[in-house]
Amino acid sequence: MLLKDKVVAVTGASRGIGRACAIEAARQGADVVINSYRDSEAAESCAAEVESLGRRVVVVDGDVADPTSAVALVRAAVVGFGKLDVFVSNAGICPFHAFLDMPVETLRRTMEVNLHGAYFMTQAAANQMVHQGQGGAIVAISSISALVGGEMQTHYTPTKAGVHSLMQSCAVALGRHGIRCNSVLPGTIATDINKDDLADPKKREYMEGRIPLGRLGRPEDIASVVAFLASDMASYMSGAALLVDGGAFANFQ
């Protein structure tokens with residue numbers, strides 16, 4: 001019960017890594033605020049799993065790229081549970097596209113959701129934690145893409161590098177308030193965001209073959225690390241980035 005009686009808010013929590021983080025938080029004893037965007041059925045399904053673990057849950061619909069959604073998410077936590085202890089910035093998109101003819105709107109939307117959204121949400125959560133005066137933990141889902149390039153991800157990789165950098169700067173800005181900020185860098189995790197890309201058997205086999213542990217990651221592999229960083233077990237960790245990729249980054253040869 002690493003997060004017993006904590007209140008944890010997770011963006012993009014209706015599917016994939018965000019869903020796994022919300023459920024793991026509940027498994028570790030937390031009440032959960034779930035953010036999703038136009039995905040009510042999946043969000044309610046996640047909420048049902050949280051409740052099945054004996055924890056309370058609130059679902060909030062909102063586009064993280066809209067600063068008012070950040071205010072609404074924090075308000076939901078405070079109204080529903082009286083506080084916010086942990087914030088997990090997870091919401092992100094990756095519409096694969098070539099670089100030379102990248103549509104302006106695709107670039108703009110990816111930046112707004114992945115980076116601006118992380119900024120707005122983190123800022124709102126941090127302000128609430130400062131107001132409470134009890135410290136807190138912020139964990140952002142970056143990516144191995146913060147460290148390496150991707151031919152079809154020239155719009156995506158800079159946002160994930162930015163999320164990692166945001167956590168480093170927030171660790172400096174918020175440390176005096178007892179707020180720890182860390183990032184998790186997942187490798188290739190099998191989720192909705194890349195299911196089309198991995199639908200090609202040859203591509204999937206190639207990706208699995210270059211991972212020393214011999215398999216793609218699961219959302220739960222990331223959720224357990226997030227729970228650790230959010231807990232008191234990581235009480236002296238701030239500004240850190242944990243690479244969770246099955247050894248892929250190390251496998252240059």
Side-chain angles (χ1 to χ4, degrees), residues 8-22 32-44 46-47 58-78 84 86-97 99 102-129 138-143 145-146 150 152-170 173-174 181-186 189 191-197 219 222 226:
V8 178
V10 185
T11 62
S14 57
R15 300 175 186 272
I17 291 173
R19 178 189 178 96
C21 288
V32 184
V33 182
I34 291 172
N35 156 263
S36 67
Y37 183 51
R38 297 178 179 176
D39 198 17
S40 59
E41 185 175 344
E44 291 299 336
C46 180
V58 172
V59 177
V60 183
D61 183 83
D63 181 357
V64 297
D66 180 353
T68 63
S69 293
V71 176
L73 183 69
V74 172
R75 183 184 300 117
V78 175
L84 177 62
V86 176
F87 172 62
V88 181
S89 179
N90 164 76
I93 59 173
C94 182
F96 292 93
H97 202 286
F99 172 62
M102 179 72 66
V104 171
E105 185 51 39
T106 300
L107 171 64
R108 179 180 291 120
R109 179 62 178 165
T110 304
M111 291 284 179
E112 288 176 347
V113 172
N114 295 6
L115 185 53
H116 299 179
Y119 192 101
F120 297 143
M121 288 285 180
T122 296
Q123 185 183 51
N127 270 291
Q128 177 60 32
M129 292 173 185
I138 297 173
V139 184
I141 304 301
S142 177
S143 172
S145 295
M152 303 293 284
Q153 297 175 294
T154 58
H155 54 320
Y156 173 79
T157 58
T159 67
K160 289 305 183 177
V163 166
H164 164 52
S165 179
L166 174 64
M167 287 299 101
Q168 290 182 313
S169 291
C170 285
L174 300 174
C181 303
N182 296 288
S183 59
V184 177
L185 283 62
I189 311 298
T191 67
D192 287 346
I193 202 170
N194 58 18
K195 66 179 181 180
D196 292 337
D197 189 46
I222 306 305
V226 171

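Everything quoted here is computed from the prediction, not taken from an experiment.
- Open room surrounds CD on Glu41; 12 or fewer heavy atoms of other groups in view lie less than 6.0 Å from it.
- In this structure, the side chains of Pro219 and Thr191 come closer than 4.5 Å at one or more pairs of heavy atoms.
- The CG atom of Leu185 lies 9.0 Å from the NZ atom of Lys160; values are rounded to the nearest 0.5 Å.
- Between Met167 and Asn182 the shortest side-chain heavy-atom distance does not fall below 4.5 Å.
- Going from atom CG of Asp39 over to atom CZ of Arg19 covers 9.5 Å, rounded to the nearest 0.5 Å.
- Side-chain contact between Met121 and Ser69 is present, with at least one heavy-atom pair separated by less than 4.5 Å.
- The minimum heavy-atom distance between Ile34 and Cys46, with the atom names listed, is CD1-SG, 3.6 Å.
- Contact check for Tyr156 versus Asn114: side-chain heavy atoms found under the 4.5 Å cut-off.
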- prompt: Given Leu73 and Leu84, is the side-chain contact (heavy atoms from CB on, under 4.5 Å) satisfied, shown in steps?
  reply: CA-CA 10 Å; Leu73 183 69; Leu84 177 62; over 6 Å; no
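- Rounding to the nearest 0.5 Å gives a distance of 8.0 Å between NE2 of His155 and NE2 of His97.
- Annotation for Ser142 and Ser183: closest pair CB-CB, 4.3 Å, computed over non-hydrogen atoms.
- Looking only at distances, no side-chain donor or acceptor of Asn35 sits under 3.5 Å from a matching main-chain atom of Val10.
- Summarising the geometry, atom CE belonging to Met111 is positioned 11.0 Å from atom CD1 belonging to Ile93; distances are rounded to the nearest 0.5 Å.
- Counting heavy atoms from C-beta on, the side chains of Cys21 and Asn90 never come closer than 4.5 Å.
- Ala76 approaches Val60 most closely through the heavy-atom pair CB-CG2, 3.4 Å.
- At a threshold of 4.5 Å between non-hydrogen side-chain atoms, the residues Leu174 and Met129 do not count as touching.
- The distance from the CD atom of Glu112 to the CG atom of Leu107 is 9.5 Å, given to the nearest 0.5 Å.
- Here the NE2-OG distance, from His164 to Ser145, works out to 13.0 Å after rounding to the nearest 0.5 Å.
- Closest heavy-atom contact between Ala124 and Val71: CB-N, 4.4 Å.
- With contacts defined as side-chain heavy-atom distances shorter than 4.5 Å, the pair Val113/Val64 qualifies.
- Looking at every heavy atom in both residues, Thr157 comes nearest to Gly150 through CG2-N, 4.2 Å.
- The heavy-atom pair separating Ser14 from Ala43 by the smallest distance is CB-N, 3.6 Å.
- Side-chain contact between Phe87 and Thr122: present, with at least one pair of heavy atoms (C-beta onward) separated by less than 4.5 Å.
- Taking a 6.0 Å sphere around CZ of Phe96, one finds it holds more than 12 heavy atoms contributed by other residues, nucleotides or ligands.
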